[in-house]
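Labels below follow one simple rule: chain letters A, B, ... track the order of the sequence lines, proteins then strands, and each chain is numbered from 1.
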Amino acid sequence: MIETHEAPRRRRRTTPRMKSLDFRRERERGWRRLDTLLTRIEKRGVRDLTSEEIEELPMLHRAVLSSLSVARAISLDRNIVQYLEHLALRGHNVVYGVKRPPLAWVAEFFARRWPRAVRELRVLLLLVTLLFAAGVATGFAMVTKDSDQYYAFVDFELASGRDPAASTEYLRKTLYESEIGNEGELVAFSGMLFAHNARIGILCFALGIATGVPTALLVFLNGAMMGAFLALFASRDLLMELTGWLSVHGVTEILAILLCGAAGIHLAQAWIFPGRRSRREELTRAGHRAATVVVGGVVMFALAGLIEGVIRQTVTSDTYRYAFATATAIGWLAYFALVGRDPATSEVAR
Amino acid sequence: MNLAHDPAMPRTETSIETPEGVPLSLTIAPLSDRAVALLLDGLLLGLALILLSIAWTFIATQVYIEFPGLGGILIGLFYALIFLITTFYFFAFEARWQGQTPGKRKVGIRVVDRRGGPLTLSALFARNFTRQVEIILPLVALAAPEAVAPGAGPAGRIAAVAWIVLLGILPVFSRARLRIGDWIAGTMVIVAPRHELLDDVIGRAAASADEPARTAPLHTFTKAQLEHYGVYEVQVLEDVLRGPATNRDALRKVSRTIAKKIGAAPPVRGSERKWLEDFYAAQRAGLERDLLFGKRREDKHDTPKS
């Protein structure tokens, strides 16, 4: 053993002279300061701090990290090391945590993230659209052949009386008159439909983890339901009128379903075929991208609900309905194709 | 920047590296904690929904009497609100409280990014949207199998239970206890205990001005007496000295054991604490000095080469 110059027993001081004690004495004030600020942030949010205090944070945090490294090297006081580790983690969460003001995040989301994420899924989006179209064709063909098949595709509650047993006159009425007397009922129905559709949309995403087959099935069945609907009205020569009625909000709603479906398939694809990256890494990348697409999808479902509750009720002319639907379709396509393409900030932010 | 796969680490420990290059060691939250947190959040959410329903019924009735035309809007809004609350409860809290929900906060766990990066909102969306499949869908299937798959019947209930159990035990197979939402979001759930900064055992009496005499060591130890223990024993002693001051029996027992081991006279009755504090100070000073020379003695069995 290397001989140390002085044995501690010779010393008679108020406290033994130790590096770890001096170290603590010098740095403790900064630790306590960070602790106080962090506690305030955790309790009342970042806004509780003044701008000077916020500017202090990164410096204090770095000082704590350096203290932690020193403490690990020279101090055997376990409490100090644990305290600093915990403080560093809390600081880490704040300094590198979610800190952007919500409004700025929302602006960034719609101006860049969402349309970009949608563009990245365009191939899958095309695939899901084909699947949906196949569903529509299947539903249409089957109900045209045998009208009893209608009940296999359309949920009884969603149909609310619009079934093969209804008279043509009644079906026409559902397209042009506010539903069954009370005009408020349609608004209630659109709120319900928003919740229902958005839940299905999120489910489409989440079921991607189950190999994506349930997602594909959901998309297909939604298409089939629409096909059955179309077939019923077509059998009464109301196809054009129904399409106008549906497409007012349907353009937005169906696009949202397709987006959520594509997100789910994307998840499954990353999981089953991770490609060159590790499965874990690829799944996380896909998860972030898909979740972004789905959040936007939920917003679209809400918009569709609003359109359904407000605009469709007031616009009863076929021409205006088609004009509105065309406008929304062009609007969405232009948005997804063009927004957020500036190359300056094109690095993929998770 | 990846999860450290140090085989020497206990299975529940992991570490992330901060952008400054300092590794932080973390404890993975045990599944029992997460289950309790989930249960608490579920109860809170249920309570919130019940209160909302009652309040809404009351308000809506009043409004409807005044303006019958608004009835539909109120019902529509109610459905939308219920959906938003149930879907974004976890997300909203985790975004606002740095990875904690009320349940997680109560239990003392939190969500962090697995690579030590920032916890992004898209990660929170991803990890919470999957709850639809992990919890809500099977619960609905359990309550009403017909609503999920027409004609499912009792088989649907069995499938729902199997699904919950399967996804519930899935985290056991990953080192960081990841549920599917964590895989997708790149997150994990860790223990977030509160560590208070305690006074150093050495010279802690120095803080109280009325007892300056206590701070000077009353007992001294020879160099040979300080060569029996390592870091581990010093830190155990730290825990003992930081324990409740009233536990005299423990102090006596520990001081006798140490005295016997190092070949010193056991302390007189009543002075065990002071004796132990002095020994702790002397022993830690010795070990820390060795540390500065690059020698670290882990425990009493460890003999570092000179």
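- Annotation: maximal heavy-atom pairing with chain A below 4.5 Å, among G181(B), G99(B), G76(B), A80(B), occurs at G76(B).
- Looking at L74(B), neither its backbone nor its side chain comes within 4.5 Å of chain A, counting heavy atoms on both sides.
- Of the listed residues (S75(A), A290(A), A286(A)), the one with the most heavy-atom contacts under 4.5 Å to chain B is S75(A).
- The distance from atom CZ of R127(B) to atom OG1 of T284(A), rounded to the nearest 0.5 Å, is 12.5 Å.
- For the set I75(B), V112(B), L291(B), L26(B), the entry with the most heavy-atom pairs within less than 4.5 Å of chain A is L291(B).
- Shortest non-hydrogen contact noted between E238(B) and D77(A) is OE2-OD1, 2.9 Å.
- Only the side chain of D239(B) comes within less than 4.5 Å of a heavy atom in chain A; its backbone stays farther off.
- Heavy atoms from other residues, nucleotides or ligands lying under 6.0 Å from CZ of F88(B) number more than 12.
- Ranked by heavy-atom pairs under 4.5 Å with chain B, the first of R24(A), E28(A), E85(A) is R24(A).
- Neither the backbone nor the side chain of W271(A) comes within less than 4.5 Å of any heavy atom of chain B.
- With respect to chain B, the highest number of heavy-atom pairs below 4.5 Å among A302(A), S69(A), S66(A), A198(A) belongs to A198(A).
- Between the CG atom of L89(A) and the CD1 atom of I190(B) there is a distance of 4.5 Å, given to the nearest 0.5 Å.
- Taking all atoms of both residues into account, the shortest heavy-atom contact from Y79(B) to A195(A) is O-CB, 3.9 Å.
- Nearest heavy atoms, L76(A) versus R284(B): CB-CG, 3.8 Å.
- Interatomic distance, CZ of R90(A) versus CZ of R110(B), reported as 8.0 Å (0.5 Å rounding).
- Options H61(A), R72(A), R62(A) differ in how many heavy-atom pairs under 4.5 Å they form with chain B, and the most are formed by R72(A).
- With chain B as partner, the option from I80(A), I74(A), V294(A), L267(A) having the largest number of non-hydrogen pairs under 4.5 angstrom is I74(A).
- Contacts of E281(A) with chain B are made by side-chain atoms alone, with heavy-atom separations under 4.5 Å and no backbone atom involved.
- Within 6.0 Å of CZ on R96(B) lie no more than 12 heavy atoms contributed by other residues, nucleotides or ligands.
- Taking every heavy atom of both residues into account, H288(A) and A185(B) meet most closely at NE2-O, 2.8 Å.
- The side-chain hydrogen bond (donor to acceptor under 3.5 Å, both in side chains) contacts involving residues 197-208 of chain A comprise N197(A)-E253(A), R199(A)-T86(B), where partners must be two or more places apart or lie in separate chains.
- Between F194(A) and F83(B), the angle of the ring planes goes over 60°, which puts this pair in the perpendicular group of the 30/60° scheme.
- Here the shortest heavy-atom pairing between A291(A) and S122(B) reads CB-O, 3.9 Å.
- With a 4.5 angstrom heavy-atom cutoff, A73(A) touches chain B only via backbone atoms.
- In this structure, OG1 on T292(A) lies 9.5 Å from CG on L121(B), to the nearest 0.5 angstrom.
- Residue S20(A) comes nearest to E288(B) through the heavy atom pair OG-OE1, 2.5 Å, listed as atom of the first residue, atom of the second, then distance.
- In this structure the side chain of S174(B) never reaches within 4.5 angstrom of the side chain of R280(A), judged on heavy atoms.
- Using a 4.5 Å cut-off between heavy atoms, T130(B) touches chain A through backbone and side chain atoms alike.
- Heavy atoms of F78(B) lying under 4.5 Å from chain A are absent altogether.
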Practice task
Apply the test side chain to side chain contact (heavy atoms under 4.5 Å, CB included) to residues D113(B) and H92(A): give CA-CA distance (whole Å), side-chain angles for both, the deciding distance (0.1 Å), then the verdict.
Solution key: CA-CA 11 Å; D113(B) 184 84; H92(A) 181 80; over 6 Å; no
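- Atom-to-atom distance recorded for I82(B):CD1 and M192(A):CE is 13.5 Å, nearest 0.5 angstrom.
- Rounding to the nearest 0.5 Å gives a distance of 9.0 Å between CD1 of I180(B) and CG of L283(A).
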